[in-house]
Amino acid sequence: MIAFSATLACQYDTAFSPFPAAQFGHGLAWLSASGFDAAELCINDYEGVEVAAICEALGRAGLGCTTIATGQARKRDGLTLLSADKSVVRRTQARLFEHIDAAAQLGSHVTIGSLRATDLPLDKGQYMSELAAALFPCVEYARRNGVVLILEALNRYEVCQLHSAQEMMDYLAFSDAPENVGVLWDLFHASIEDADYAQAIATLGPRLRHVHLADSNRGFPGYGHLPLEEVYTALRLAGYQGAVSLECLCRPSAQTVIDGAGELVARLRRL
């Protein structure tokens, strides 16, 4: 069964949540009332963040947690797994260890997207080698704690390598990634990098562990030109058993996202 979640900010505001972090409780109530199964939590660090309290709040709302979104630390703290400054890499690894600890409590995945962005001039082989080396201790720590790391396929305008479904599979094969490493496939990025959605889903196979919903303009589904129902049907027919998570910009407005989410979830469940 495919689960539904959506991004919520629980520490610092994010453009992907229709509620600011200060209204986290309102966001949980919205998810519950709109028919979602879980939240996707945007967490930068754990200063002032009580994971046990978040678990309790989710439980009271009847919600789970699908993944911890970690990308805020790229802009806020300059973290990345790919840096010439190895102290930056070590700090990024340490942050990911904290996310893995939190995910073990929440029963969630940990997303690695923007934390693999780099300004280094790396070709594909160099990029994969550097990323595999930097990720290795995180992968092992996650494995020991029963946590899945999901690497997000990002478009060419945001990272220099690993954009498409096939390229993500190339990396997993190159790094001999264990089963606790999967792929996050985002429809906005895929609209740039994957010409055939059904083929991309087939290519990822069981390594596909999470899907982000957004339209071609990264706005709320229905305000661009992506065939959302076709993609969802392809996921269902492929036997996908992970979550689809609303991670879109609040376009045309936050109220549009808030008001339209329930109908979107209900429509997809009927397919």
Side-chain angles (χ1 to χ4, degrees), residues 1-77 95-96 98-111 113-114 147-148 150 152 184 186 210-214 218-223 242-269:
M1 178 179 176
I2 297 176
F4 289 83
S5 66
T7 299
L8 282 185
C10 58
Q11 181 184 32
Y12 301 112
D13 295 350
T14 172
F16 297 113
S17 173
F19 292 89
Q23 295 180 11
F24 181 65
H26 293 294
L28 292 178
W30 164 69
L31 290 178
S32 184
S34 299
F36 287 93
D37 303 294
E40 177 168 329
L41 300 178
C42 189
I43 301 176
N44 181 75
D45 57 66
Y46 292 87
E47 182 70 30
V49 174
E50 296 184 16
V51 178
I54 292 173
C55 289
E56 291 175 5
L58 287 166
R60 288 194 299 271
L63 300 167
C65 177
T66 51
T67 191
I68 298 172
T70 64
Q72 280 186 330
R74 172 62 175 158
K75 290 185 177 180
R76 291 187 65 89
D77 301 331
R95 184 69 58 81
L96 284 170
E98 291 183 281
H99 287 309
I100 292 164
D101 288 339
Q105 288 184 256
L106 291 162
S108 76
H109 302 333
V110 174
T111 299
S114 297
V147 171
V148 171
I150 47 174
E152 185 171 10
L184 191 171
D186 183 303
H210 197 64
V211 175
H212 274 165
L213 298 184
R218 214 167 195 173
F220 186 71
Y223 287 86
V244 293
S245 190
L246 185 63
E247 197 224 41
C248 64
L249 297 175
C250 293
R251 295 176 179 168
S253 69
Q255 198 61 49
T256 299
V257 177
I258 292 168
D259 293 342
E263 191 279 328
L264 173 66
V265 170
R267 187 171 81 248
L268 292 179
R269 287 196 195 277

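- The closest donor-acceptor contact from the side chain of Thr66 to the backbone of Ala38 lies at 3.5 Å or more, if one exists at all.
- Of the inter-residue distances, the one linking Arg269 atom CZ with Met1 atom CE reads 5.0 Å to the nearest 0.5 angstrom.
- Leu31 contributes atom CG, which lies 11.0 Å from atom CD of Glu40 (distance to the nearest 0.5 angstrom).
- For the atom pair Ile54 CD1 and Leu28 CG, the distance stands at 9.0 Å (nearest 0.5 Å).
- Taking the side chain as every heavy atom from C-beta outward, Phe220 and Asp259 never approach each other to under 4.5 Å.
- Atom NE2 of His210 is separated from atom CD of Glu247 by 8.0 Å, given to the nearest 0.5 angstrom.
- When all heavy atoms of Ser108 and Ile68 are compared, the closest pair comes out as OG-CG1, 3.8 Å.
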### Message
Checking Leu268 against Leu213 for the side chain to side chain contact (heavy atoms under 4.5 Å, CB included) test, could you report, in this order, the C-alpha distance in whole Å, the side-chain angles of both residues, the deciding distance, and whether it holds?
### Response
CA-CA 11 Å; Leu268 292 179; Leu213 298 184; 4.0 Å; yes
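- Shown here for Thr7 and Ser245, the closest heavy-atom pair between the two residues is N-OG, 4.4 Å.
- Distance check, rounded to the nearest 0.5 Å: CD1 of Ile258 to CH2 of Trp30 gives 7.0 Å.
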### Task
Could you walk me through whether Cys10 and Leu8 pass side chain to side chain contact (heavy atoms under 4.5 Å, CB included), step by step?
CA-CA 6 Å; Cys10 58; Leu8 282 185; over 6 Å; no
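- Among Arg76, Arg95, His99, Gln11, the one residue that satisfies the side-chain hydrogen bond (donor to acceptor under 3.5 Å, both in side chains) test with Asp45 is Gln11.
- Residues Ala61 and Ser32 share a closest heavy-atom pair of O-OG, 3.3 Å.
- Here the closest non-hydrogen pair linking Ile150 and Leu184 is CD1-CD1, 3.9 Å.
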### Message
Does Cys248 form a side chain to side chain contact (heavy atoms under 4.5 Å, CB included) with Val257? I'd like the steps, not just the answer.
### Response
CA-CA 9 Å; Cys248 64; Val257 177; 4.2 Å; yes
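- The two residues Gln72 and Asp13 make their nearest non-hydrogen contact at NE2-O, 3.0 Å.
- With hydrogens and angles disregarded, a donor-acceptor distance shorter than 3.5 Å links the side chain of Thr67 to the backbone of His109.
- Side-chain contact check for Ser5 versus Asp37: every heavy-atom pair is 4.5 Å or farther apart.
- Ala9 and Phe24 make their closest contact through O-CD1, 3.5 Å (heavy atoms, listed as atom of the first residue, atom of the second, distance).
- More than 12 heavy atoms of other shown residues, nucleotides or ligands fall within 6.0 angstrom of atom CZ in Arg267.
- Between the side chain of Thr14 and the main chain of Phe16, a donor-acceptor pair closer than 3.5 Å is present.
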### Query
For Tyr46 and Asp101, what are the C-alpha separation, side-chain angles and deciding distance, and is it a side chain to side chain contact (heavy atoms under 4.5 Å, CB included)?
CA-CA 11 Å; Tyr46 292 87; Asp101 288 339; over 6 Å; no
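- The CG atom of Leu249 lies 11.5 Å from the OG atom of Ser17; values are rounded to the nearest 0.5 Å.
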